[in-house]
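Taking it in order: structure first as structure tokens, then the write-up.
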Amino acid sequence: MTETLVKDTYMTTAIAGALKAAMAEDESVIVLGEDVELSTIGCTKGLVDEFGTNRVRNSPISEATVVGSCVGAAATGLRPVMDLMFSSFFYVALDQVANQAARLRYMSGGQVDLPLVYFAGTGPSGSAAAQHSENPHSLLMHLSGIKVVFPSSPGDAAGLLIASVRDPNPVVFLLDLMLAGSKGPVPAEIEPLLIGKAEVKRSGDDVTIVAIASAVGAALEVAAELEADGVSAEVIDPRTLTPFDWDAVTESVARTGRLVVVDPARRTCGAAGEIVARVTESNWPDLKSRPRRVTWEDVPIPFSPVLEEAVTLRQDQIREAVTATVAGNGRA
Amino acid sequence: MTETLVKDTYMTTAIAGALKAAMAEDESVIVLGEDVELSTIGCTKGLVDEFGTNRVRNSPISEATVVGSCVGAAATGLRPVMDLMFSSFFYVALDQVANQAARLRYMSGGQVDLPLVYFAGTGPSGSAAAQHSENPHSLLMHLSGIKVVFPSSPGDAAGLLIASVRDPNPVVFLLDLMLAGSKGPVPAEIEPLLIGKAEVKRSGDDVTIVAIASAVGAALEVAAELEADGVSAEVIDPRTLTPFDWDAVTESVARTGRLVVVDPARRTCGAAGEIVARVTESNWPDLKSRPRRVTWEDVPIPFSPVLEEAVTLRQDQIREAVTATVAGNGRA
Amino acid sequence: MATAERQRQEVDLIGLFARMARIRAFERKVQALFKRGNLPGFVHLYIGEEAVGVGACSVLDDADKITSTHRGHGHLLAKGADPKLMMAELLGRETGYCKGKGGSMHIVDYSLGILGANGIVGGGLPIATGSGLADRVLGRDRVTVCFFGDGASNQGVLHEALNLSAIWSLPVIFLCENNHYTEWMRTEDITAGRIADRSQAFGIPGVQVDGNDVLAVREAAATAVARARAGEGPSLIEAETYRHHGHNEGEEVFSGPYRPQDEIDDWIARDPLVLFRNRLVDDGAAPEQFDEIQEREEQLIEEAYRFAEESPMPAAASALDDLYAETE
Amino acid sequence: MATAERQRQEVDLIGLFARMARIRAFERKVQALFKRGNLPGFVHLYIGEEAVGVGACSVLDDADKITSTHRGHGHLLAKGADPKLMMAELLGRETGYCKGKGGSMHIVDYSLGILGANGIVGGGLPIATGSGLADRVLGRDRVTVCFFGDGASNQGVLHEALNLSAIWSLPVIFLCENNHYTEWMRTEDITAGRIADRSQAFGIPGVQVDGNDVLAVREAAATAVARARAGEGPSLIEAETYRHHGHNEGEEVFSGPYRPQDEIDDWIARDPLVLFRNRLVDDGAAPEQFDEIQEREEQLIEEAYRFAEESPMPAAASALDDLYAETE
Ligand SMILES: Cc1ncc(C[n+]2csc(CCOP(=O)(O)OP(=O)(O)O)c2C)c(N)n1
Ligand SMILES: Cc1ncc(C[n+]2csc(CCOP(=O)(O)OP(=O)(O)O)c2C)c(N)n1
Ligand SMILES: [Mg+2]
Ligand SMILES: [Mg+2]
């Protein structure tokens with residue numbers, strides 16, 4: 001498979017390619033959202049030329065109804081992929097996500113599949129300020145009934161995008177905007193990846209770092225740095241948050257006995273807290289030292305670059321957390 | 001103060017009384033929402049007779065705009081109290097909560113106070129099914145910028161309601177519908193309680209049970225039962241979740257060395273996980289055994305009574321969790 | 001207009017009455033069960049509004065679709081839902097439409113194009129729009145009727161759904177059941193202008209009809225359906241009607257009287273079943289048959305109740321099923 | 001209508017021109033800064049639309065209020081915001097309106113009744129409604145102008161805000177700036193009917209005006225404001241205009257050309273500053289003064305820029321301030 005890799009593909013191009021493949025393989029896949037013809041972020045670029053305006057639909061700024069129309073369309077024969085542009089706009093339409101898309105199957109006793117994908121760019125992208133920088137994955141994880149995909153590399157993004165479109169359930173597919181301009185290898189023939197399968201991005205014995213989306217790259221850099229200090233860090237990328245590959249994490253912590261979670265999101269009731277709590281429960285006897293979280297501060301994302309930097313993830317914090325966790329021994 | 005207690009006041013009556021006092025002491029307090037004149041849940045009962053239709057306003061089913069109008073009104077001189085009826089309806093209006101109410105002060109560099117209260121009945125109330133049984137407190141805690149009050153007794157509710165209306169910040173005030181028909185003492189002259197102050201509802205030495213809203217009563221019953229088995233359980237009611245009285249919990253666990261959190265909410269990314277994670281971080285050296293959570297299952301609330309019971313909190317689960325936690329010793 | 005014409009002519013008038021009678025019998029039974037404390041959860045009855053659901057669904061084929069509301073029993077029965085499975089669902093049984101997971105506000109039958117009752121007021125508007133979108137994209141000759149209330153007409157999604165279905169010419173009929181109350185509020189106190197006018201700015205026809213006259217509703221629906229099938233896009237119909245019962249069963253404990261007695265009396269005097277029966281008798285129908293029909297439907301509902309009551313409760317463990325579909 | 005009459009008469013025409021020139025100068029400066037890479041974040045310029053903000057705000061007192069949008073610089077300057085504090089905010093400085101926390105899309109000046117730009121399209125509609133509600137409840141003789149775009153007109157909150165302000169007779173003027181584009185989409189492709197008609201079903205007057213004619217906007221606003229102050233409730237104004245620039249600065253890298261060149265040319269030929277200047281000159285104003293005014297305003301903006309540039313960045317630790325107000 002490595003031979004067929006297209007090297008240095010942008011994350012956005014990888015997603016656009018996967019979406020194109022998904023549309024080509026199944027006529028019931030449609031794409032809709034504001035400016036999907038032109039494509040603001042780039043993930044729907046060129047689709048309208050290929051598939052026409054019946055299947056690629058620019059929609060008005062009516063997020064609640066467009067999000068909800070995906071539910072109705074998915075229940076009656078389409079596989080809609082909606083581009084919400086920025087994940088902050090989920091809040092405008094959250095009823096249709098939380099009370100409808102994530103509920104109808106369960107409430108109907110399993111009568112209906114809802115194969116739909118809500119795609120959105122997410123997180124800070126450089127002074128986009130509080131209303132364009134949310135990372136809503138923790139909130140979506142809390143809802144239940146909707147899958148949450150949040151990849152860290154172009155290859156993963158392409159494989160998971162195909163899998164999301166094929167999935168018979170509602171899926172939120174998040175593109176970390178910090179990664180929009182990043183590059184990586186993507187197979188020429190995109191194969192679906194399993195939703196619910198983590199990947200060990202680096203193996204190690206001394207500490208398990210669980211990192212989400214753009215935090216994966218930062219964690220890998222820290223792990224590489226710490227190797228010089230003789231620390232062998234394992235970096236796990238869950239890739240999908242609902243369902244979550246708990247086995248991968250608990251198995252790793254069972255070996256390393258140490259856990260640091262790095263999550264680009266506010267701390268309170270975030271994914272990092274869930275992972276710490278869950279591992280503390282499941283791996284209690286294994287834990288050799290205090291688990292730690294590295295997250296944003298519990299404030300909105302401010303505009304000014306200095307302020308944005310102050311509240312979001314910094315590599316030195318990850319390094320400190322890992323170092324302290326490795327240094328910890330037992331109850332001390 | 002005990003002399004002036006009005007015994008056996010319903011939770012709803014206590015809240016209605018506090019709201020009446022808040023309106024009487026400050027002319028800028030208004031109440032709005034669907035059927036606030038008649039009062040579906042009972043917490044706005046009689047207010048229109050006392051204060052008239054200028055200050056007590058029935059509103060149309062337009063949650064997004066009514067929620068948002070509270071932001072505009074609070075920024076320009078009123079102290080609106082909006083009754084959303086069921087907390088599930090927050091999703092319909094979440095943009096105005098998450099992107100506006102919880103953000104404007106911060107984004108404006110602190111230029112404006114937004115003294116407003118969003119009141120809602122919340123949680124299961126007996127086969128109300130998935131769209132009328134949410135407990136959104138964890139999601140609201142994750143937002144930052146908005147306070148979250150979630151009391152467990154009529155007395156606390158009354159004192160916290162007054163405090164919420166007087167607070168210069170947006171506050172979500174949740175009435176656990178399992179408690180709507182419960183009774184307890186309320187002072188004749190309602191005094192505000194501090195938002196951000198937990199209460200130890202029962203003192204104990206062996207284990208700390210942090211319980212939220214209707215879980216407090218269940219936890220107290222379990223604690224009373226376990227006394228016979230020689231277990232001394234402390235029960236802490238945070239009463240407000242944002243801000244959260246971490247000191248109260250960490251101080252308690254420093255003494256007991258054991259933690260069980262009981263939260264009427266889905267598990268993943270919920271308040272219970274946050275409390276377990278936070279205490280694990282802060283009280284690592286103190287913990288004598290594995291901390292545990294008792295929560296709902298990670299599914300929507302189903303309709304049928306047997307199913308609803310199966311996914312929500314059961315006292316036997318609390319008892320088991322406490323017993324197991326007390327039995328645990330060190331890493332085992 | 002050929003289809004509309006055909007459908008108009010083919011009408012089985014006695015069948016319409018029978019369906020209204022079925023709804024009435026179902027709701028009466030539900031009311032009795034609620035009173036006896038045998039029914040969990042919220043119940044909103046359709047009594048008094050039967051002509052709307054039956055008139056509208058009478059011009060739909062099985063493969064056409066509807067979205068419904070919290071007051072949905074009538075819509076579902078009108079669209080052909082099985083009273084047995086409905087009653088079992090209301091009683092929270094394993095044999096119910098949703099295996100006991102949904103209850104009164106969430107009954108669904110996708111095989112009959114019933115895309116769901118909804119506990120969120122206005123929640124069905126976007127879903128119906130999406131159903132219309134699927135028909136449009138796939139070139140299917142189907143329509144979707146979106147039932148919603150006068151109270152729901154103040155949700156912003158109405159505005160959005162009208163716009164979206166107008167620009168995409170979606171085959172959706174927005175059918176507002178104006179029973180003049182939003183819970184315990186007079187809707188006119190919280191609603192500016194006429195609801196039927198709310199589509200005009202979008203270039204969508206909007207009409208008001210007598211919602212207690214099943215043939216008037218049928219006529220308006222036929223016109224709208226024909227328009228939709230011809231690819232000319234959505235329509236709005238406002239059907240004026242009244243609920244004989246409270247907003248929900250059991251409201252008396254806190255609501256007190258909130259509607260003028262003469263208003264109630266006037267509307268009950270215009271009971272849609274009585275109106276229609278009288279009209280048919282005036283037109284020469286044999287009067288005895290109507291009592292027979294009502295008895296037959298009542299029996300049917302009694303059987304449905306027995307079926308439901310004899311059905312087992314779902315297994316507790318099944319509460320964890322049905323959240324996600326298995327991936328292939 | 002006495003107030004409207006008075007305001008119409010008292011107009012300082014040269015002052016109107018000067019304010020439009022200030023906006024133009026500010027936006028030109030911002031454009032240059034963005035091009036040089038000196039500006040963080042998103043920037044949406046108001047060039048070409050100046051007559052709308054200035055015309056509308058010219059009939060407001062300081063204590064009247066506005067809500068603005070992501071394209072808000074013009075509204076804020078029209079309402080009297082300090083270009084220094086604005087520029088400092090755009091540059092993320094401690095001295096900015098929001099201490100660097102807000103940026104272009106979130107500038108606020110409560111002391112001037114500027115309740116906020118907004119990054120959520122349509123987000124200001126409920127907030128303006130609430131501002132009107134406060135005036136109504138407290139019996140204050142104030143009005144609120146809610147600026148929103150043609151794209152925003154498809155958000156459901158417009159429908160809700162119109163209904164709410166109609167039933168409560170709120171003193172709110174809903175002012176739609178129709179620049180014919182929603183980002184890179186032609187708004188007419190995604191919008192049914194005329195925006196000005198969208199208030200009619202609620203019994204609210206709706207008018208279309210030439211948004212490039214500052215006096216026409218002023219006239220329409222004066223009528224609406226008078227109505228609001230008289231307690232007669234809200235109005236809708238649709239001002240037709242055009243943005244000379246892209247949706248946001250820097251769009252070229254991905255947008256390509258998406259508007260017909262002759263359309264752009266036609267609108268630039270109707271530049272609101274040129275139009276107004278020509279008109280005033282035709283009416284006898286001395287031509288030289290306009291260049292002077294423009295230069296003066298450009299200088300003012302240069303000063304604002306110097307102030308901003310010399311201002312310190314906020315301290316990193318201040319990122320944790322300002323989330324909650326202290327409780328007493
Ligand atoms: C979003 C939302 N807001 C409020 C409610 C509570 N509620 C249930 S029914 C109802 C009144 C609905 O009125 P209308 O649409 O006229 O329907 P009707 O009950 O008269 O049939 C309200 C406010 C709800 N279920 N959902
Ligand atoms: C709720 C929401 N959806 C989408 C966007 C992205 N967005 C920013 S501006 C814009 C277009 C707004 O068009 P219009 O209201 O006409 O204002 P204009 O930019 O033309 O001034 C869009 C879609 C947003 N900021 N908020
Ligand atoms: Mg009604
Ligand atoms: Mg525009």
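Below, each value reflects all heavy atoms present in this structure, side chains not excepted, and no hydrogens, waters or symmetry copies. Note on naming: letters A, B, ... go to the chains in the order of the sequence lines (proteins, then strands), and numbering restarts at 1 for each one.
Ranked by heavy-atom pairs under 4.5 Å with chain C, the first of A/Ala163, A/Ser108, A/Pro170 is A/Ser108. Ranking C/Asp109, C/Ile107, C/Thr129 against chain A, the residue ahead of the rest is C/Asp109, based on heavy-atom pairs under 4.5 Å. The candidate with the highest count of non-hydrogen atom pairs below 4.5 Å against chain C, out of A/Glu63, A/Arg55, A/Lys147, A/Gln111, is A/Gln111. Ranked by non-hydrogen atom pairs under 4.5 Å with chain C, the options A/Asn54, A/Val67, A/Val71 are led by A/Asn54. Ranked by heavy-atom pairs shorter than 4.5 Å toward chain C, the options A/Cys70, A/Pro115, A/Ser144, A/Ser69 are led by A/Ser69.
Closest approach of C/Val157 to A/Ala64, counting heavy atoms only: CG1-CB, 3.9 Å. A/Pro168 approaches C/Thr327 most closely through the heavy-atom pair CD-CG2, 3.8 Å. Listed here is the closest heavy atom pair of A/Tyr106 and C/Asp321: CE1-O, 3.3 Å. For C/Trp168 against A/Asn58, the heavy-atom pair with the smallest separation is CZ2-O, 3.4 Å.
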Please lay out, stage by stage, how C/Val108 and A/Met107 fare under the test side-chain contact (heavy atoms from CB on, under 4.5 Å).
CA-CA 9 Å; C/Val108 172; A/Met107 294 192 307; over 6 Å; no
Candidate pair C/Leu164 and A/Val66, rule side-chain contact (heavy atoms from CB on, under 4.5 Å), full reasoning
CA-CA 8 Å; C/Leu164 203 63; A/Val66 179; 4.1 Å; yes
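No part of A/Thr53 comes within reach of chain C, as not one of its non-hydrogen atoms sits under 4.5 angstrom from that chain. With a 4.5 Å cut-off on non-hydrogen atoms, C/Ala319 touches chain A through its backbone and its side chain both. Proximity to chain C is absent for every atom of A/Ala74, based on heavy atoms less than 4.5 angstrom apart. At a 4.5 Å heavy-atom cutoff, the contact between C/Leu323 and chain A is made by backbone and side-chain atoms alike. Neither the backbone nor the side chain of C/Ala128 comes within contact range of chain A; no heavy atom of the residue lies under 4.5 Å from a heavy atom of that chain. Looking at C/Ile167, only its side chain comes within 4.5 Å of chain A, counting heavy atoms on both sides. For A/Ile146, the part sitting under 4.5 Å from any heavy atom of chain C is the backbone (N, CA, C, O) and nothing else. Of the two parts of A/Ile195, neither the backbone nor the side chain holds a non-hydrogen atom closer than 4.5 Å to a non-hydrogen atom of chain C.
Taking CD1 of C/Ile127 as the start and CD of A/Gln100 as the end, the distance is 4.0 Å to the nearest 0.5 Å. With rounding to the nearest 0.5 Å, the separation of OG in A/Ser59 from CG in C/Asn163 is 10.5 Å. Atom-to-atom distance recorded for C/Asn118:CG and A/Arg103:CZ is 12.5 Å, nearest 0.5 angstrom.
Using a 4.5 Å heavy-atom threshold, the side chains of A/Asp113 and C/Tyr324 count as separate. For the pair C/Leu115 and A/Thr76, the minimum side-chain heavy-atom distance is below 4.5 Å. Taking the side chain as every heavy atom from C-beta outward, A/Ile30 and C/Leu133 approach each other to under 4.5 Å.
Taking a 6.0 Å sphere around NZ of A/Lys45, one finds it holds more than 12 heavy atoms contributed by other residues, nucleotides or ligands. Annotation for A/Glu27: atom CD does not count as buried by contact number, only 12 or fewer foreign heavy atoms lying within 6.0 Å.
Counted by atom type alone, C/Glu160 and A/Thr65 present one or more donor-acceptor pairs between their side chains at under 3.5 Å.
When the heavy atoms of residues 92-105 of chain C are compared with those of chain A, the residues falling under 4.5 Å are C/Tyr97, C/Cys98, C/Lys99, C/Lys101, C/Gly102, listed by number. Heavy-atom proximity under 4.5 angstrom to chain A picks out C/Arg136, C/Val137, C/Leu138, C/Arg140 from residues 135-151 of chain C.
Side chain of A/Gln96 to backbone of C/Pro126: no donor-acceptor contact under 3.5 angstrom is found.
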